[in-house]
Amino acid sequence: MSQSRFNPLKADAHWQKVWEDGAVFAAPSAAELAGSDRPKAYVLEMFPYPSGRIHMGHVRNYTLGDVLARYKAMTGHAVLHPMGWDSFGMPAENAAMEKKVHPGDWTRSNITAMRAQLKRLGLAIDWSRELSTCEPDYYGHEQALFLDLFKAGLVYRKESSVNWDPVDMTVLANEQVIDGRGWRSGALVEKKKLSQWFLKITDFAEDLLDGLDGLDKWPAKVKLMQENWIGKSQGLRCTFSFVDSPDGIAVFTTRPDTMFGASFVAIAADHPVATELAANAPELARFIDECRKGGTTAADIETAEKQGFNTGLSVEHPLDPDWHLPVYVANFVLMDYGTGAVFGCPAHDQRDLDFARKYGLPVVRVVADGDQIDPDFEGDEAYTGPGAIVNSHFLNGMSVDDAKNAAIATAQHEGWGEATTVWRLRDWGVSRQRYWGTPIPIIHCEFCGVLPVPRSQLPVILPEDVSFDIPGNPLERHPTWKHVACPNCKEPARRETDTLDTFVNSSWYFIRFASQPGNMPFDKAEAEAWLPVGQYIGGVEHAILHLLYARFWTRALQRIGRLDVSEPFKGLFTQGMVTHETYRATKAVMNLKGDPFIQDGVPVTESFWVGPDEVLEKDGALVWSADGSPIEIGRIEKMSKSKKNTVDPMPMFDQFGADAVRWFMLSDSPPERDLPWSEAGIEGTWRFVNRIWRLFDSLGASGGEDKVLDKILHRAIAGIGADIEALAFNKAVAKTHELVNAIEKAPPSASRNTAVRTLAKLISPMLPHLAEEAWAHFGESGLISKQAWPRADLSLLVEANATIAIQINGKLRETLLVAKGTDKATLEALALASDKIIRSLAGSRPKKVIVVPDRLVNIVA
RNA sequence: GCCCCUGUGGUGAAAUUGGUAGACGCGCCGCACUCAAAAUGCGGUAUCGAGAGAUGUGCUGGUUCGAGUCCGGCCAGGGGCACCA
C-alpha cells in the first residue's frame, strides 16, 4: 500500500484555483432559481470593513458561514453566498490625515489585500457578486433609493443639536465623545445646532416592534434589545391649563392612575414655555444654561442632583380646576421624550420624590402599600408596586391597571386628554460632515429651496482631488465640486456637502447581492427570488443599530412598492467575540536630554499596550521582549488594534493550512460564546487532519459487512447534519472525532471502505481542501463540494438494546443491557434479581419501584 | 437603578421532554517503537479513599421516586439600557 502525505499548502492553492476557475460557487440566476425546484439558501455573513488585514474575528465569522453554505449546497439547495466591502467610513479619513494617503487609495489597496486573505480561507463565495460600497456603482444606486424615500416623504431636514469638535471641525457620534472631549483631538466638544437630514424610522416603530414576534430564528436576546431600544410606552397625554389662561402645558404619563397624587408640573429646560419666560427672567435663563451644560455621560447623570426652578406659574389640575399646581423647570425632564413636560407624583416615583422632598412639595399616597393607606407619605423611598388606589375620589378601590383605564376614559370623555403611545426610538439622523461617504444627492438653491438632484445626474460622484491638510470636511472646501446650477431655475446653487451615515450603506447591501442591474439599485423580482436572507451571521455588537436600520430600510422600500419583503433576515446568528488578554508594559519617561525624568524625587513612568508577540515568559513571569521589563496582564477583551491584543491569523494558515485553522476555529467552543484566543491545540487539529488523511489513504479491496461500524456511520451522518444545521459546529466536530475513532479501530471490510468514503463527504463543509484531495485520491471525478450529502439510513439508527440504569433512591448502583422495549414487570424483576442490588438493599424491602422503560429502574428503599 | 445572559474536571466543553454528569478535544501521566528525539500507536486521567464505598455541576433552601436541567433567595462574571415621565 503506497503511503502518501497530505500537503495542505499545495492542496489549498490547487483547490482554491479549481473552485475559482470553474466558478463552482456561483449562485444560480434568479431565472434559474425560479425554474428549479431546489430550495434556496441565502447565507450571509456581515460584510467586513476593509481595515487592512483580516483578524481572528473575521476568520471565525466567515468560517461559520462557509460551513453552512457548503452544507446547504450539498443538501440540494440553491445557494447564494456573497461577499463585499463596507468600504466607506472614518478610518479611511483618519489614515488620510495621518499617513497622507487618499482614503480611496488606502481603502482599495486594503480591499485587495483582504480579498486575497479571505480567499486563503477557502471560502465558497460567489465572487462575481462582490461589491464595494465606496464605488459609484453602489453608492449611486443608494442615492437613487434616498431620493425615492425623499419623494415618499420619509426623509426630512431638521435643526438638531450635535456634538461638534471645534478642532477637527466635524460632528462626532456620541461614542466618539469621551469625558466631554473629542476622541481624536481632545478638544472640548460643543453642542451645535445644525440642519441635518433625518429618515423617518419612527413611522415604522410599531411595525418594527411587531415584526420581532415573527423572527423565531433570531436570538431572544437581540429581539429584547431591539424591543427596549424601540421603547414603547402607553399612557395618557393630557393638558394642564394655566390658571386664567386658555393655554396649557401638555404632559405625558404612563401612570394616569396616580393623577390625584400630583403635586407639581415640571418642564424641560428647552421647553418653549421655559424659553419664553427666560426672555424676561435672567435668573431662569441662567438656570437653563446650567442645565444644558450638565454632562450626558452615565456618571454625570448618576451623580447629578435633581434641580428645579420655580417659574411662579400655576396650572389647574385637570380633574379639579380649583386645585393649582406650581410649574418648575427641572433638569431631569427631557425635551425630546414625550411632551417635554411631566406631572410629578412624588409618592410613587423616586425621581419625583427626591424633587418634592428637596423643594418641600406635598407627597400624597394614592396607591395602597399593603395596608398602608395614609395620605401622608413618609420616608424617602417611593412606592412603585401594585395596590389598590386610595385618596383618589372616583378611582378609589380600583387596581392600578383599572385606574389607568378609568382615568384615560374620563380624560377622553371630558376632552382634556387622550390615550397615547410614546416611543424611545428617534428618527435616524444620517448627515455626516465627512468626505468618505455617499454624497447626499440634494441641491440647495437660494431661490427654489431644497431640491433633489435630477435622476439623470446620478450618481453624484465624490471628487477624488481633495486634501486633508486642514481639518474639516474637504467637500466643503473643494474649489468647484459644490457649485452647480439649480436644476429648476438654472441659477448658481450649492450641493449638499454632507454625506450619508455609513449605516445607510449596510442597510441594503444584502439586496444588491441578490440583484445587481446596472441601471437601478436592484430588480424587484430578482431580489424577491432570494430574499429574505435565510441565515445572517455576525457580531452581537450590531444587535441594535445595523439590524434595526436594515429592517427599517427594507420596510421603507416595501412601503414605496420597491420590494415586497418586510423582514430582511429570517435567521440571525450572533457569534461570540474572539478575545485575548491585554498586556501593558511600563517605561520611564525621558526628558529632552534622554535622561530619566524625575519628579518629586521619583522617576516618572508611563504604561502602554504591547502586543502578545512582544511578550515573553521568563522565570514564570511575563516580560517585555524589548527590554525585559515586567508586563502587567490586563483584562481579557475583544481583539482590537487600540489595545494591541490582536493575533494575525495568516501565519497559522501558512504553517498548518486552511483546513487545520478552520477546524480549530470550529472545535470546542460553541460559536455564540466568546472565545478567549489560545493557540494551544492548533497542533492537535493539525494531527487530526493527518489522521483523517491516513484513513483516506487506507482503502483496500476488503469485503464483508461490519454492522457495528455501519450503525456508527449512520448515526454520525444524522448527527453531524443536524449539528451543522443548528450551527452547533463544536458538536459536529465531536461527532466527527467519534466516527474517526471508530473507523480507525475497525478491521478492514467493505463497510469500513464505505465509511471512509462517506467521511470525506461529511468533513467536506468543514475541511473542504482535504475532502477534495480525498475525492481525487479515491479516483472519483468532479468535485466533492458538488456531491450530495450522504443519506442516513433511519433503520440503522434504531437501537436493538438499551442500557438500563438501576438506581436505589436515585443513586446509580448498576446498569443492565436489555432488549429494547422490555416491559416494566420484567425490568423490575431483573433489577431486583441483580447481585449488586440485593447486596445494596441488604434485605430491606423496597417501598416502591419506579420503572421507565428503556431508561431506568429506581428502587425507593 | 432597571432588563437580560452565564457559572459543570487542570482546561475548551457535552448531556432530546427532569432519568447512568463529564461525550469529544486540549493538557498531563505511564507504556511501546527509537541509540536518541520527533512522529505514531496503546493505556490512564472529577475528588476523597488501599478497598468496599462516599462526595461532586457557584452558594443556599425547596418541589420530585429522581434536579446540571424546574421554583425561591443569595454570590460572582459578562452584556444591554438608563434622569424615558
Side-chain angles (χ1 to χ4, degrees), chain A residues 219-229 231-233 235-236 251-256 258 265-266 268 294 296 298 300-307 330-334 336-345 349-352 354-355 384 422-424 540-541 543-544 576-577 579 635-636 663-664 667-670 672-676 678 680-685 687-688 690-691 694 722 728 730-741 744 803-816 839-840 846-852 854-861:
Chain A
K221 177 183 156 183
V222 173
K223 288 195 280 186
L224 189 69
M225 279 163 70
Q226 292 221 349
E227 192 183 318
N228 292 338
W229 187 264
K232 182 180 186 174
S233 306
L236 171 70
V251 154
F252 173 74
T253 179
T254 55
R255 294 296 303 270
T258 64
V265 166
T296 48
D300 287 339
I301 289 161
E302 201 73 44
T303 51
E305 209 176 331
K306 307 284 170 278
Q307 284 181 19
N331 65 346
F332 63 85
V333 182
L334 305 174
D336 57 0
Y337 183 80
T339 59
V342 299
F343 80 78
C345 175
D349 182 290
Q350 191 57 46
R351 210 184 29 203
D352 294 346
D354 295 346
F355 191 82
T384 54
V422 162
W423 306 87
R424 207 193 79 96
V540 73
E541 65 272 24
I544 298 176
M577 298 180 297
T579 61
R635 49 187 259 155
I636 294 169
W663 189 256
F664 187 48
S667 302
D668 292 354
S669 257
E672 67 276 12
R673 209 171 293 182
D674 283 354
L675 177 67
S678 157
I682 179 70
E683 284 90 355
T685 58
R687 282 199 294 270
F688 185 68
N690 287 301
R691 266 173 72 196
R694 281 195 294 276
N730 56 320
K731 292 193 236 168
V733 163
K735 287 186 180 129
T736 308
H737 270 283
E738 285 175 346
L739 176 60
V740 167
N741 290 344
E744 279 178 340
T803 308
I804 305 292
I806 313 296
Q807 300 176 329
I808 295 177
N809 295 331
K811 299 228 182 279
L812 183 72
R813 296 296 153 173
E814 173 71 302
T815 57
L816 293 176
R839 221 180 321 134
S840 294
K847 292 199 190 82
K848 192 176 169 188
V849 179
I850 285 124
V851 182
V852 183
D854 296 341
R855 281 226 175 252
L856 56 73
V857 177
N858 188 17
I859 299 160
V860 186

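Order of the sequence lines sets the chain letters (A, B, ...), proteins ahead of strands, with each chain counted from 1.
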### Task
In sequence, state the C-alpha distance, the side-chain angles, and the governing distance for A:N741 and A:R691, and then conclude on side-chain hydrogen bond (donor to acceptor under 3.5 Å, both in side chains).
CA-CA 10 Å; A:N741 290 344; A:R691 266 173 72 196; 2.7 Å; yes
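Between the side chain of A:K847 and the base of B:C65 there is no donor-acceptor pair of N/O atoms closer than 3.5 Å.
Nucleic acid contact for A:T803: base, since at least one base atom lies under 4.0 Å from a heavy atom of the residue. Within the 4.0 angstrom heavy-atom criterion, base atoms lie near A:L856. Using a 4.0 Å heavy-atom distance criterion, A:V733 is classed as making no nucleic acid contact. Contact annotation for A:Q807: base contact, defined as any heavy-atom pair under 4.0 Å involving a base atom. Looking at heavy-atom distances under 4.0 Å, A:T253 makes contact with sugar-phosphate atoms alone, never a base. Residue A:P670 is in sugar-phosphate contact alone, with no base atom involved, counting any heavy-atom pair closer than 4.0 Å across all strands shown.
Here the P atom of nucleotide B:G79 and the CH2 atom of A:W229 are 17 Å apart, to the nearest Å. The distance from atom CD of A:E744 to atom C1' of B:U40 is 11 Å, rounded to the nearest whole Å. For the pair A:F664 CZ and B:A13 P, the computed distance is 12 Å after rounding to whole Å. Separating the CG atom of A:N858 from the C1' atom of B:G19 is a distance of 9 Å, rounded to the nearest angstrom. A:L224 has its CG atom 11 Å from the P atom of B:C3, to the nearest Å. The separation between A:D674 atom CG and B:G79 atom P is 9 Å, rounded to whole Å. Rounded to whole Å, atom C1' of B:A13 lies 14 Å from atom NZ of A:K735. One can place CE of A:M225 at 11 Å from P of B:A82, the figure rounded to the nearest angstrom.
Between B:A50 and B:A38, the two P atoms lie 34 Å apart (nearest whole Å). The P atoms of B:U45 and B:A67 are separated by 26 Å, rounded to the nearest whole Å. Rounded to the nearest Å, the gap between the C1' atom of B:G68 and that of B:U20 is 14 Å. Look at the P atom in both B:G72 and B:C28: the space between them is 44 Å, to the nearest Å. Of the C1' atoms belonging to B:A76 and B:U8, the separation is 15 Å, rounded to the nearest Å. The same atom, P, is picked in B:G9 and in B:C48; the two are 14 Å apart, to the nearest Å. Here the separation of B:C74 from B:A52, taken at their P atoms, is 43 Å to the nearest Å. Here the separation of B:G1 from B:A54, taken at their C1' atoms, is 47 Å to the nearest Å.
Considering only heavy atoms from C-beta on, A:D352 stays 4.5 Å or farther from A:F343 through its side chain. By the 4.5 Å heavy-atom criterion applied to side chains, A:Y337 and A:V422 are counted as neighbours. Between A:K221 and A:V540 there is a side-chain heavy-atom pair separated by less than 4.5 Å. When side chains are defined from C-beta on, A:V857 does not count as touching A:I850, because their heavy atoms never get closer than 4.5 Å.
In this structure, B:A39 forms no base pair with any nucleotide, since neither Watson-Crick nor G-U wobble geometry is met with both distances under 3.5 Å. Figure legend. B:U45 is base-paired to B:G27; pairs are counted as Watson-Crick or G-U wobble with both atom distances under 3.5 Å. With a cut-off of 3.5 Å on both Watson-Crick or G-U wobble distances, the partner of B:U57 is given as none. In a base pair of the Watson-Crick type (N1 to N3 plus N6-O4 or O6-N4) or a G-U wobble (N1-O2 and O6-N3), with each distance short of 3.5 Å, B:C81 is matched with B:G1. Using Watson-Crick or G-U wobble geometry with both donor-acceptor distances under 3.5 Å, B:U6 finds its partner in B:A76.
Taking the syn range as angles within 90° of 0, the glycosidic angle of B:G9 is syn.
Distances shown here put a side-chain N or O of A:N741 below 4.0 Å from the OP1 or OP2 atom of B:G25. Distances shown here put a side-chain N or O of A:K731 below 4.0 Å from the OP1 or OP2 atom of B:A15. At B:G41, none of the side-chain N or O atoms of A:R687 fall inside 4.0 Å of OP1 or OP2 (strictly under the cut-off). Of the side-chain N and O atoms in A:R424, none sit less than 4.0 angstrom from OP1 or OP2 of B:C83. Contact annotation: A:N730 reaches the phosphate of B:A14 (side-chain N/O to OP1 or OP2, under 4.0 Å). Applying the 4.0 Å criterion to OP1 and OP2 of B:C84, one finds that A:R351 has a side-chain N or O inside that range. Between A:R673 and the phosphate of B:A13, there is a side-chain N or O to OP1/OP2 separation shorter than 4.0 Å.
A:D674 places a side-chain N or O within 3.5 Å of a backbone atom of A:M577 that can act as its donor or acceptor partner. Remark: side-chain polar atoms of A:Q807 are not paired, donor with acceptor, to backbone N or O of A:I859 under 3.5 angstrom. Checking side-chain atoms of A:N730 against main-chain N and O of A:S667 turns up no donor-acceptor pair under 3.5 Å.
The nearest heavy atom of RNA chain B to A:T685 and to A:G810 marks one nucleotide each, and the one closer to the 5' end goes with A:T685. If A:K848 and A:R691 are placed on RNA chain B by their nearest nucleotide, the residue sitting closer to the 5' end is A:R691.
When the nucleotides B:G41, B:C24, B:U17 are ranked by their closest atom to the side chain of A:A734, B:C24 comes out on top. Closest to the side chain of A:N331, out of B:U20, B:A85, B:C83, is B:C83. When the nucleotides B:G80, B:U20, B:U55 are ranked by their closest atom to the side chain of A:T815, B:U20 comes out on top.
Between A:H737 and A:W663, the ring planes are tilted. Angles from 30° to 60° get that label.
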